[in-house]
Amino acid sequence: MADTTAPRPFVVISGKAVHDTVHGREKELLALVEHGYRLHGDGMTVNPPSYFLRFPAQPANRIIALPASVGGDVDVCGIKWISSFPANVDLGIPRASAVVVLNDQETGYPLACLEGSVISAVRTAASAAVAAVELSAGRPKPARLGVVGAGLIARFVHTYLVAAGFEFEEIGLFDQSAEHARGFAGYLERSGARRVTAHDDLESLVRSADLLLFATTAGTPYVEDRDWFAHHPLVLHVSLRDLSPDVVLDSCNVVDDIEHCLRAETSVHLAEQAVNNRDHVRATLYDVLTGAFTPPGDRTVVFSPFGLGVLDLVVARHVYDRTTAGVAVDDFFHELSRYGG
């Protein structure tokens, strides 16, 4: 007897459809990403190490595979495949591009392929904003935001910080490209920012901010003077490789996942190599969310999120369940009868 159980139709979901599904729903996505962190901390996920495809002749370029599985009410597995080719910027196109493939937990069959750059930006921004809320709970609410790296991720993080309730009296910018800094300043002014200041040097920006966002493409640390952080800001180290081991070791460090973050030459990984221990990593964000760790108010606190594939899947499943704009590929699966009959 032929098996009458058929996989669900395979759906392709465009970047526009993804954008239309998440745009204006920042508070909903903040709660969703926090839920993803809690599922991960509760052992309801499988999140293997990310795999980096590198190119010896093009060392600046990479493509990363992030496989994962999420249980609970999300109930999906899949993978994000995201490239980073920095020279794209000179061509007038974004540095990063991505797709997310979702698979059915019961059959393993693919459910959908979604454009992934917006999903990746949303989960990164929501992760940073959730961390900012939780890590700033024991200190005066940040009023001066400093942004290092004026790209797409910085724009998304700012949007989600505002959605999380932050109101900044001043936003400072530093970017090696004056054009990018001007473009980001224009976005901030259009979004209602009270005061925007472009800094000519990084030190003045760091010293002026009580909440710092690093969202660059840096491959190796370049911020080396821990005295710049004497005012003990909260640092969202989204780009992971900006701070020297000396700065890291002088800070209270919180990560999304210890095993994931202490690898691939991140700043916290380099600090581990420098001292041969992990004592500088005090907690995960899950520890903070559950009250197992309270960050100090009198030290620099650095949040370094390596980026969990489970969060990409949580956001992608949310889009898959809600969009009506996906295109079904009816004949994507061929010869579904086991014996070809």
Side-chain angles (χ1 to χ4, degrees), residues 36-43 45-52 54 59 62 64 66-68 124 127-128 130-132 134-139 148 202 206 210-311:
Y37 272 122
R38 291 183 182 274
L39 288 172
H40 184 63
D42 289 339
T45 68
V46 179
N47 203 110
S50 303
Y51 180 81
F52 286 70
R54 298 189 182 275
R62 65 177 187 259
I64 311 173
L66 290 83
T124 300
S127 167
V130 169
E134 297 297 324
L135 296 173
S136 65
R139 57 175 68 205
V148 185
L202 183 56
V206 171
D210 45 23
L211 175 61
L212 275 162
L213 167 64
F214 285 89
T216 73
T217 59
T220 55
Y222 57 92
V223 182
E224 299 180 345
D225 193 338
R226 64 185 185 183
D227 289 340
W228 292 6
F229 300 84
H231 57 303
H232 302 312
L234 171 59
V235 182
L236 304 175
H237 192 200
V238 170
S239 40
L240 293 171
R241 297 173 179 85
D242 305 82
L243 306 180
S244 71
D246 194 37
V247 172
V248 169
L249 293 170
D250 196 48
S251 305
C252 172
N253 294 278
V254 177
V255 300
D256 53 0
D257 183 287
I258 293 174
E259 293 301 325
H260 282 76
C261 202
L262 273 75
R263 62 189 300 268
E265 306 297 310
T266 63
S267 292
V268 288
H269 184 209
L270 294 175
E272 177 190 25
Q273 294 174 348
V275 296
N276 294 315
N277 65 63
R278 297 180 169 185
D279 295 346
H280 55 289
V281 178
R282 298 296 307 281
T284 65
L285 184 56
Y286 176 77
D287 296 327
V288 180
L289 286 168
T290 57
F293 178 76
T294 301
D298 58 352
R299 288 191 66 191
T300 300
V301 175
V302 177
F303 176 59
S304 298
F306 193 77
L308 299 176
V310 295
L311 300 181

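Everything numeric in this text was worked out from a predicted model, so none of it was measured.
Listed by chain and number, the residues in a side chain to side chain contact (heavy atoms under 4.5 Å, CB included) with Asn276 amount to none (sequence neighbours excluded). Scored by the side-chain hydrogen bond (donor to acceptor under 3.5 Å, both in side chains) test, His269 finds Gln273 as partners (sequence neighbours excluded). When the side chain to side chain contact (heavy atoms under 4.5 Å, CB included) test is applied to Arg62, the partners found at least two apart in sequence or on another chain are Phe52, Arg54, Ile64, Ser84. For the side chain to side chain contact (heavy atoms under 4.5 Å, CB included) test, residues two or more places apart in sequence or in another chain that qualify with Ala128 are Val157, Leu236, Val238. Every residue meeting the side-chain hydrogen bond (donor to acceptor under 3.5 Å, both in side chains) condition with Tyr222, not counting sequence neighbours, appears here in chain and number order: Asp242. When the salt bridge (charged side-chain N to carboxylate O under 4.0 Å, His left out) test is applied to Asp246, the partners found at least two apart in sequence or on another chain are Arg226. For Glu272, the salt bridge (charged side-chain N to carboxylate O under 4.0 Å, His left out) partners two or more places apart in sequence, or in a different chain, are Arg278. Every side-chain hydrogen bond (donor to acceptor under 3.5 Å, both in side chains) that Thr45 has, sequence neighbours left out, goes to His40. Judged as a side-chain hydrogen bond (donor to acceptor under 3.5 Å, both in side chains), and not counting sequence neighbours, Thr266 has no contacts. When the salt bridge (charged side-chain N to carboxylate O under 4.0 Å, His left out) test is applied to Asp287, no partner is found at least two apart in sequence or on another chain. Pro67 pairs by the side chain to side chain contact (heavy atoms under 4.5 Å, CB included) definition with Pro48, Ile79, not counting sequence neighbours.
Residues Val301 and Pro295 approach most closely at CG2-CB, 4.3 Å, considering heavy atoms. Residues Ser136 and Ala132 approach most closely at OG-O, 2.6 Å, considering heavy atoms. Across all their heavy atoms, Asn47 and Gly309 have their closest contact at OD1-N, 3.2 Å. Across every non-hydrogen atom of Gly307 and Leu66, the tightest pair is O-CD2, 3.6 Å.
Using a distance-only test at 3.5 Å, with no hydrogens or angles considered, no donor-acceptor pair links the side chain of His280 to the main chain of Pro245. Looking at His237, its side chain never comes within 3.5 Å of a backbone N or O of Pro305 through a donor-acceptor pair. Remark: side-chain polar atoms of Ser267 are paired, donor with acceptor, to backbone N or O of Leu243 under 3.5 angstrom. Without hydrogens or angle criteria, Thr216 side chain to Ala218 main chain gives a donor-acceptor distance under 3.5 Å. Between the side chain of Arg282 and the main chain of Thr294, no donor-acceptor pair closer than 3.5 Å is present.
Phe229 places a side-chain heavy atom less than 4.5 Å from the side chain of Val223. Asp210 is not listed as a side-chain neighbour of Arg139, based on a closest heavy-atom distance of 4.5 Å or more. The shortest side-chain heavy-atom distance between Thr217 and Ser239 does not fall under the 4.5 Å cut-off. For the pair Leu212/Val206, a side-chain contact is recorded, criterion being any heavy-atom separation below 4.5 Å from C-beta on. The shortest distance between side-chain heavy atoms of Val288 and Leu135 falls below 4.5 Å. For the pair Asn253/Phe303, no side-chain contact is recorded, criterion being any heavy-atom separation below 4.5 Å from C-beta on.
Between Phe306 and His260, the ring-plane angle classifies as tilted under the 30° and 60° cut-offs.
Considering Asp257, Val254, Ile258 in turn, Ile258 is the only one that fulfils the side-chain contact (heavy atoms from CB on, under 4.5 Å) rule with Thr284.
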Under the criterion side chain to side chain contact (heavy atoms under 4.5 Å, CB included), I'd like the reasoning laid out for Cys252 against Phe293: C-alpha separation, chi angles, the key distance, then a yes or no. CA-CA 11 Å; Cys252 172; Phe293 178 76; 3.8 Å; yes
Verify side chain to side chain contact (heavy atoms under 4.5 Å, CB included) between Val302 and Val248, making sure each step is shown before the conclusion. CA-CA 8 Å; Val302 177; Val248 169; 5.9 Å; no
Evaluate Cys261 against Val281 for side chain to side chain contact (heavy atoms under 4.5 Å, CB included), listing each step before the verdict. CA-CA 10 Å; Cys261 202; Val281 178; over 6 Å; no
Between Tyr37 and Leu289, does the side chain to side chain contact (heavy atoms under 4.5 Å, CB included) criterion hold? Intermediate values first, please. CA-CA 9 Å; Tyr37 272 122; Leu289 286 168; 3.9 Å; yes
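Rounded to the nearest 0.5 Å, atoms CG (Leu308) and CG (Leu285) are 9.5 Å apart.
Asp256 and Tyr286 are not linked by any side-chain donor-acceptor pair at a separation below 3.5 angstrom, with hydrogens and angles left out of the test.
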